[in-house]
Structure formats: C-alpha cells, structure tokens
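Input: a single structure, listed below in structure tokens.
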Number of protein chains: 2
Amino acid sequence: MSRARDRNTHAAADTVVPRATVARLSLYLRQLARLLRQGNQTVSSSQLGRALGITDAQVRKDLGYFGQFGYPGIGYRVPELGEAIRHILGTDRAWPVALVGVGNLGRALLGYRGFREQGFQVAALFDSDPAKVGTICEGIRVEPLDVLARVLAERGIRLAIIAVPADAAQGVADRLVVARIQGILNFAPATISLPEHVHLVGVDLTVQLEQLSFLIAGGSPAAAAEDDGS
Amino acid sequence: MSRARDRNTHAAADTVVPRATVARLSLYLRQLARLLRQGNQTVSSSQLGRALGITDAQVRKDLGYFGQFGYPGIGYRVPELGEAIRHILGTDRAWPVALVGVGNLGRALLGYRGFREQGFQVAALFDSDPAKVGTICEGIRVEPLDVLARVLAERGIRLAIIAVPADAAQGVADRLVVARIQGILNFAPATISLPEHVHLVGVDLTVQLEQLSFLIAGGSPAAAAEDDGS
DNA sequence: TAGATTGTTAATCGATTAACAATC
DNA sequence: TAGATTGTTAATCGATTAACAATC
C-alpha cells in the first residue's frame, strides 16, 4: 500500500528487540499524532528525537529493527510512519481485555478513556467478592472467577488486567494461565511468576513512588548516609 | 544502632546509582516484608535473588552502592536490611503529597491504600474545574490551581501527582515548578519537560498497554511484517 | 576447623551513540 | 547539482554477571 511498506520490511526473524525500544515506539507514535494534528507532513529523526529528549541515532536505530520507513534527504512521512508503528505495536486492531478486580483501582481503570483510545476494550469483569458478582459496571456484568475460562473463550479475550490486592494476585494469575490467557497487565504490588509463554507487564505504583521518594530524599548514597539534614 | 550501620555505610558521594537498582530496592523491601511475616531472621543474596528472578551477584551489587549490610557466612538480617532499605528510599519518613486532577483516575489514586502504606499521604487536592473546587474528597477540600504555591508551602508539600488529561499536563507541571515542587509523579499520557532540579517519574499506561499488545501481537519484527496469520 | 556467604574487582553482555556511505 | 537525511556498521558506554579473596 504505502511506498515504505513495499520495501524490505523485516529484519531477521530472530532479532531481539529491546523492551526500551518498544516503549519508545509508543512515544514516537504519540508525537506523530501531535505532528499530524499540527498539519506536519514529514519529520526527521532529529526532530522526533529532540521532542522526546533522545538522539536522532536512537530513533533511527529503533525503527531499523522493523524495517525501512524513511526517505533519505526527506525524513519520515508522518501519517505513514504512524500507521507502520501502530501495526508493529498491534494497536491497529481491537483487543478485548478482561479486568479482574472491580475495586477502587479496577473501576478507575474501567472508566479510563485511554484504554479505548488505544484499541483496548474491557469485555469482561471478574471479582471474587460474591457481593459484587452479578452487579453491572459500565454495562458489563461482574462474573465469578469460576467461569474465567469459559468467558474468555466465548469473548475471544487474550489479555487480562489484574487489579486485585497484592496477596490475591498470584492466585488470580494462576487461574488466568489455566484459562489460556496470553498476556497480563499487573497492577497489584506483587511479584508474580508465570510460565514462559505468558507475557507480563507490571505497573507497580509502589516501586514508582519509592523511586520518587529516593530521588527527592537525596538520591545519592551519601545523602542516604548523611541523614536528616534540614 | 545496628551493627551493620556502624560499618562503612556510604560509597563515594559521586557514585551514580542506576535507576534499575533503585527499582530493585523496592522489590527487595517487599520480599523482606514477606520473609519477616514468615518469621525468617536472615536471608542470603541468593535466596533473595531467586525469589525475584535475579542473580545473587545483582543483589549484592545493588546493596553495595549504599554500604555493607551483610554478614559473610550468614547473609543479611531481615529486619535490619529492611530498615536500611527504607532509610535509603526515604520511606522511613512521611511524605505529604499534592494530587492535581480529581477526575476518575485521581479519585482512584486518592482511595489507593498503597500510598499511605508507603508513607505517602495526600495532603492537598487541586483541580482546574470550578465545579469541583470547594468540594470535599476523602476529607480534603479541592483547591483551585491559583493557590498552589501558598498551599504547598503551608503544608510542607514537596511532591505532586499529576492526574489530569494529557493536554493539560505540561501546564500543570509548569505551575508546580513555579510553586517550587521537588518531584512529580506523572500519570498523564504525555511527555513533559522540567528543569533539571525537579525529579520526574512517569507512569504511562498507554506505553505499558502498547508493550503488552506488542508482545502478544507477535513481538518479533517478523511477526509484525507477516501480518494477520491466525 | 570447614562450610557458607559477603563485598568487590574483572569479564561479559547489551544498549546507546557516533560516523559515514548511500540516497533522495 | 548541493544539501539533507536515512540505514547501518563500528565505537563507546553502562549495566549485569562471574569469580574469588576476605570473613564469619
């Protein structure tokens, strides 16, 4: 379809892509959306990098893992590169996801517009609390964990979000694995272990919070030793 | 006080600690809490590493940035190491934080127990929506952004959480900087830029979600090129 | 003492950056 | 054509792992 796509579009099948590269792909996509809104038709690796605080070489290297998308002397065509990245990330499709845990955090995630914008649609809700089972949130009935496997299969769900308390997280993960889940986004502040073939991405607020605390509490080993000066 | 603390407890003042090391410190702390609950008095670097899926050398190296906490032949004393890490992370103190943006996500964060458990206490709420200003959430009055500087100073707040829409994030960040904030935890899916001296930790759900999508959509460059084979 | 385990230095691995021929 | 910018290889940088003398 697009010119760049016609060209050599994949590296060797066994090339390993660093996680950091995939994370930056999301940032490129976000910046491309902004550029498109502003009416820019092309962008160079150095412009893209400058906006995100990374080098131009990094931008080109990241994209280079997936193919050739640019035009020497010109740069990248904004709409075309956006489409290509969306395809790489798999966000050019709709992903139905299951949300396990309809507590405080779970309900907030359910109301989070960003999910739908990114092509993720919560298609099933689960909770272990009998008082919550049967209630309706955002139009979806809360199901008990027993029917996990059946519901996932019926609704073609391959992704799950865990938003349960830390001590319940591993148990839920195990049940999701049995129900043949393929990827888990874990919000519980817990280290969970999974078989190789199930992908895990963790959003650990505790860790992030402690990072920040560390940074402002002093941040250097010396400061940690010096103690309460001030 | 404790024996380990008496010994050489800090590296050279200019040693740079990798962010990844700080993140792992949080995981060590979490595992130590579990061990303590189970009644373990000591733990070795290899036990700690095995529980978290990292090498024993990594554990010792991470701790080595901050001092000597172990006992050759024995390992680490669980309560003592826990205390030491809490001190390094700065979570042995209470941190009052400001929460900007009392929407869906903001209110969920407000109700999140994990914050308080980690020593963070939301001590001020802000929102730009006049309809929300003056309302009370969890016992705290929502203030307008105009009074940011005064309220932060009055309540001794050095940390802020941004939970506003993406297009408002940079503006809020700028106002926080003017109000002399020292660290920001940003939940808005936006790249924000700050002066050097203000610390930033981002929790970017979009990026995490796209990571997961990438992993299950294929994950390899080849899969991205192969297209819809399923 | 013998066995276990630390703290730390050296070796390895992987990711970022620089450089530049090829291309528009 | 001259100027700009890519894709990619080589050089650099930083983080992880291995190894081992010192210590309990």
Side-chain angles (χ1 to χ4, degrees), chain A residues 2-12 14-25 27-28 40-78 80-81 84-85 221 225, chain B residues 2-12 14-25 27-28 40-78 80-81 84-85 221 225:
Chain A
S2 65
R3 254 184 91 234
R5 194 75 58 69
D6 294 344
R7 294 176 279 153
N8 171 29
T9 294
H10 59 287
D14 58 348
T15 312
V16 178
V17 181
R19 275 214 170 190
T21 288
V22 180
R24 283 190 297 266
L25 246 33
L27 304 183
Y28 301 155
N40 292 284
Q41 281 306 303
T42 64
V43 67
S44 68
S45 56
S46 69
Q47 289 175 312
L48 214 37
R50 202 171 326 117
L52 298 167
I54 58 190
T55 64
D56 57 327
Q58 181 82 81
V59 174
R60 294 197 301 278
K61 187 108 234 265
D62 284 340
L63 296 175
Y65 283 107
F66 303 99
Q68 304 190 143
F69 305 103
Y71 301 85
I74 310 288
Y76 302 87
R77 300 194 172 157
V78 173
E80 178 182 302
L81 183 58
I85 294 180
Chain B
S2 64
R3 252 182 95 237
R5 195 75 57 71
D6 293 344
R7 293 176 279 153
N8 171 28
T9 294
H10 60 288
D14 58 349
T15 311
V16 178
V17 180
R19 274 212 171 191
T21 289
V22 180
R24 283 190 296 266
L25 246 33
L27 303 183
Y28 301 155
N40 292 283
Q41 281 307 303
T42 64
V43 66
S44 68
S45 55
S46 67
Q47 290 174 312
L48 213 38
R50 202 172 322 116
L52 299 168
I54 58 189
T55 65
D56 58 327
Q58 181 82 82
V59 173
R60 294 196 301 277
K61 187 111 235 262
D62 284 340
L63 297 174
Y65 282 107
F66 303 98
Q68 304 189 143
F69 306 102
Y71 301 86
I74 310 289
Y76 301 88
R77 299 193 175 158
V78 173
E80 178 182 301
L81 183 58
I85 293 179

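Note on naming: letters A, B, ... go to the chains in the order of the sequence lines (proteins, then strands), and numbering restarts at 1 for each one.
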| Looking only at side-chain N and O atoms, does A/R60 come under 4.0 Å of OP1 or OP2 in D/dG7? | no
| query | Where the side chain of A/Q58 is concerned, which of C/dT16, C/dT8, D/dT5 is the nearest nucleotide? | reply | C/dT16
| request: Check every atom of D/dT17, D/dG7, C/dT6 against the side chain of B/P72 and return the nucleotide holding the closest atom. | output: C/dT6
| query | Rounded to whole angstroms, how far apart are CD1 on A/I74 and C1' on D/dG3? | reply | 11 Å
| field | Nearest-nucleotide comparison on DNA chain C, the residue closer to the 5′ end among A/D62 and A/G73 | value | A/D62
| Base, sugar-phosphate, or nothing: which does A/T21 touch, judged by heavy atoms less than 4.0 Å apart? | nothing
| query | Out of curiosity, A/R60 CZ to A/F69 CZ, how far, rounded to the nearest 0.5 Å? | reply | 15.0 Å
| message | Distance check needed: C/dT23 C1' versus A/Q68 CD, whole Å only. | response | 11 Å
| query | To the nearest Å, how far apart are A/Y65 OH and D/dT8 P? | reply | 12 Å
| For D/dT6, does OP1 or OP2 lie under 4.0 Å from any side-chain N or O of A/S45? | yes
| task | Would you indicate which nucleotide in C/dG7, C/dT17, D/dT5 comes nearest to any side-chain atom of B/Y76? | result | C/dG7
| message | The side chain of A/A20 is closest to which nucleotide in this list: C/dT16, D/dT16, C/dA18? | response | C/dT16
| task | Would you mind classifying the nucleic acid contact of A/R19 as base, sugar-phosphate or nothing, using non-hydrogen atoms under 4.0 angstrom? | result | nothing
| request: Would you mind reporting whether B/F66 and B/V17 have side-chain heavy atoms less than 4.5 Å apart? | output: yes
| note | Under a 3.5 Å limit on both distances, the Watson-Crick or wobble mate of D/dA15 is C/dT12
| Taking CG from A/D56 and P from D/dT5, how many angstroms apart are they, rounded to a whole number? | 10 Å
| Heavy-atom side-chain proximity of B/I54 to B/Y28 below 4.5 angstrom | yes
| message | Under a 3.5 Å cut-off for both contacts, is C/dG7 paired Watson-Crick or G-U wobble with anything, and if yes, with which nucleotide? | response | D/dC20
| task | Check the distance between D/dT5's C1' and A/Q41's CD and give it to me in whole angstrom. | result | 18 Å
| Rounded to the nearest 0.5 Å, what separation is found between the CG atom of B/L48 and the CG atom of B/L27? | 9.5 Å
| To the nearest angstrom, how far is B/L25 atom CG from D/dA15 atom C1'? | 16 Å
| query | Which part of the nucleic acid does A/S46 contact within heavy-atom distance under 4.0 Å: base, sugar-phosphate only, or nothing? | reply | nothing
| field | B/Q58 side chain vs B/T55 backbone, donor-acceptor pair below 3.5 Å | value | no
| query | Given D/dT17, D/dT5, D/dT9, which nucleotide is nearest the side-chain atoms of A/S44? | reply | D/dT5
| Among B/L63, B/D56, B/D62, the one residue meeting side chain to side chain contact (heavy atoms under 4.5 Å, CB included) with B/S45 | B/D56
| query | Could you give the CZ-to-P distance, from A/F69 to D/dT8, as a whole number of Å? | reply | 11 Å
| OP1 or OP2 of D/dT16 sitting under 4.0 Å from any side-chain N/O of B/T55? | no
| field | Interatomic distance where NZ belongs to B/K61 and C1' belongs to D/dA15 [whole Å] | value | 8 Å
